[in-house]
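Structure, as structure tokens:
Chain identifiers are assigned alphabetically (A, B, ...) following the order of the sequence lines, protein sequences preceding nucleic acid strands; residue numbering begins at 1 within each chain. The shown structure was predicted, so the numbers you read here are calculated from the model rather than taken from an experiment.
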There are 2 protein chains.
Amino acid sequence: MDVDVAGASTATATATADDARPAGTGRRRGRPSTPVLSQEAITRVTLRLITRRGYEAFTLAALAKELHVSVSALYNHAASKQQVLLWAQDAINATIDTGPFATLPWDEALASWARSYRDAYADVTPLIPVMAVLPVSDAPGSLAMYETVVAALVEAGWSGGEAVNAVVAVESFVFGSALDTAAPAEIFDVSEDAAPVFAAAVADRHRRYGRGAATADAAFDLGLDALLAGLRARHGSGA
Amino acid sequence: MDVDVAGASTATATATADDARPAGTGRRRGRPSTPVLSQEAITRVTLRLITRRGYEAFTLAALAKELHVSVSALYNHAASKQQVLLWAQDAINATIDTGPFATLPWDEALASWARSYRDAYADVTPLIPVMAVLPVSDAPGSLAMYETVVAALVEAGWSGGEAVNAVVAVESFVFGSALDTAAPAEIFDVSEDAAPVFAAAVADRHRRYGRGAATADAAFDLGLDALLAGLRARHGSGA
DNA sequence: TCATTATATGAATGACGTTCATTATTGTCA
DNA sequence: TGACAATAATGAACGTCATTCATATAATGA
């Protein structure tokens, strides 16, 4: 995925440098000439760590090591591990494409948004349960996303309340589907004796849609089409 | 929720006893006359603990205490904490009601199943990411559920492959929605300055649907109706 | 009877998140 | 210029957690 952290081109002089690494060889204590840590650096390395090595590998020790810094130094910038995850959440949400809402009818834009949303989270599924439950208030990237999406629905004639419900519903489907992409390919491998109809249906599914990621995609496509067809039926197609 | 663990009426002599508690006052070491622990007892107390005190409170220490047993004793029965959670998963899935598939048209039965599914998991949201990703093979309760649901869809004329996709899609929506029920009521509390349209929409939502759990329910209802309308449009209504 | 097996125990281990006293550098104000 | 607060790093604790291990004892069965 390789998320571009918000403000990538602002203060950070490190730019494309290999990684935060003090110029002097092995300075030890006290305030360094130029700060090693920042929300931006922490967030960038956090996303890289989770994407490459998975969530279990994401410990503050690993994060600190990657940043060439002591664990306790992290606490000068982040109040907790939870906060670091919040930053990561916001950075991910900032990458979700809301552009289509400016040009396409609401239903097509919503579909496009849902796909972008699922893609963004498929790499970081362990964050989903954390995310799905966290306040949006102090996450500017997430907030901007909701504003755009809900505004487009209201513009198209939805009431505010139903617009939020529709967004939450689509979001729920997206989160669930992103989790599904993390499931092992053999999740439904099952003996014919134990569940004959189900086993046959799973075999048929593989014949039609392939294996692994392809099956998760097929289920997502079917569900998204159905969900949007239902929403359209309720409010008339857009534009 | 109060899940009835599978096999509640089998070997366990404890029956309705307050809790596993050795008859003799404070026996200390060695094999007891009658075993305190069993998969059934561990699973029952696990579900009670998670339901009542939340997932964060579910530690092996807490589990052992509730069972009046040492932590290490648990390892004579379960290989790991993960395994204990797997048992819990299967017990929960066994409580999901698939009865309607025997009598109702597929779409109504699917809706009823989805509601039962969401209710079952709303109390144990932290299990969702564990669950959504775990193989179904050695979980007899889960397997039986899939067999019933898929068989009903195939009976109604769905191809096996699409039936599985539809089930996965509904399941994804259910998991996502169950996560949503765990969100704090103030998750969307936001200042009007930062996101005016969104803030107004959230206010409208509260006016129409109430606060807290009621809003999550409204979003779930809207999404489920839409999803099923879309699936119906694709395959004709049931019966 | 006596070895084996099942089931419990407490103590030790190592990983983790978090706190704290300490140290060194920077920027600001008299 | 010199004092001083603020900033940003450090290593050493701490408490909690899951897991392992050596040990003890009751039940089972040959």
Practice task
Give B:Val71 one of three labels, base, sugar-phosphate or nothing, depending on what nucleic acid heavy atoms sit under 4.0 Å from its own.
Solution key: base
Problem - Pairing partner (Watson-Crick or G-U wobble, both distances under 3.5 angstrom) of C:dT22 - result: D:dA9
Round to the nearest Å and state the distance from [X] atom [atom1] to [N] atom [atom2].
X: A:Gln83; N: C:dG17; atom1: CD; atom2: P; answer: 15 Å
X: B:Leu74; N: D:dC21; atom1: CG; atom2: P; answer: 17 Å
X: A:Gln39; N: D:dA8; atom1: CD; atom2: C1'; answer: 16 Å
X: A:Leu67; N: D:dT10; atom1: CG; atom2: P; answer: 11 Å
X: B:His77; N: C:dT9; atom1: NE2; atom2: P; answer: 10 Å
X: A:Leu63; N: C:dT18; atom1: CG; atom2: P; answer: 12 Å

Contacts of type side-chain contact (heavy atoms from CB on, under 4.5 Å), residue [X], not counting sequence neighbours:
X: A:Ser112; result: A:Pro100
X: A:Ala218; result: A:Tyr209, B:Asn165
X: A:Glu192; result: A:Ala199

Exercise for the section: Establish whether the base of C:dA6 is bridged to the side chain of B:Asn76 by a donor-acceptor pair shorter than 3.5 Å. Expected result: no
If you restrict it to nitrogen or oxygen atoms, what contacts under 3.5 Å exist between nucleotides 11-16 of chain C and the protein, and what is each distance?
none

Practice task
Identify, with sequence neighbours excluded, every residue that meets ring pair (Phe, Tyr, Trp, His ring centres under 6.0 Å) alongside B:Phe58.
Solution key: none
Exercise for the section: Would you check if there is a donor-acceptor pair between the side chains of A:Asn93 and A:Tyr121 at a distance under 3.5 Å? Expected result: yes
Handout entry: Residues that B:Asp97 engages under salt bridge (charged side-chain N to carboxylate O under 4.0 Å, His left out), provided they are two or more places apart
Key = none
Problem - Out of D:dT19, C:dT9, D:dA9, whichever nucleotide has its closest atom nearest the side chain of B:Tyr75 - result: D:dT19
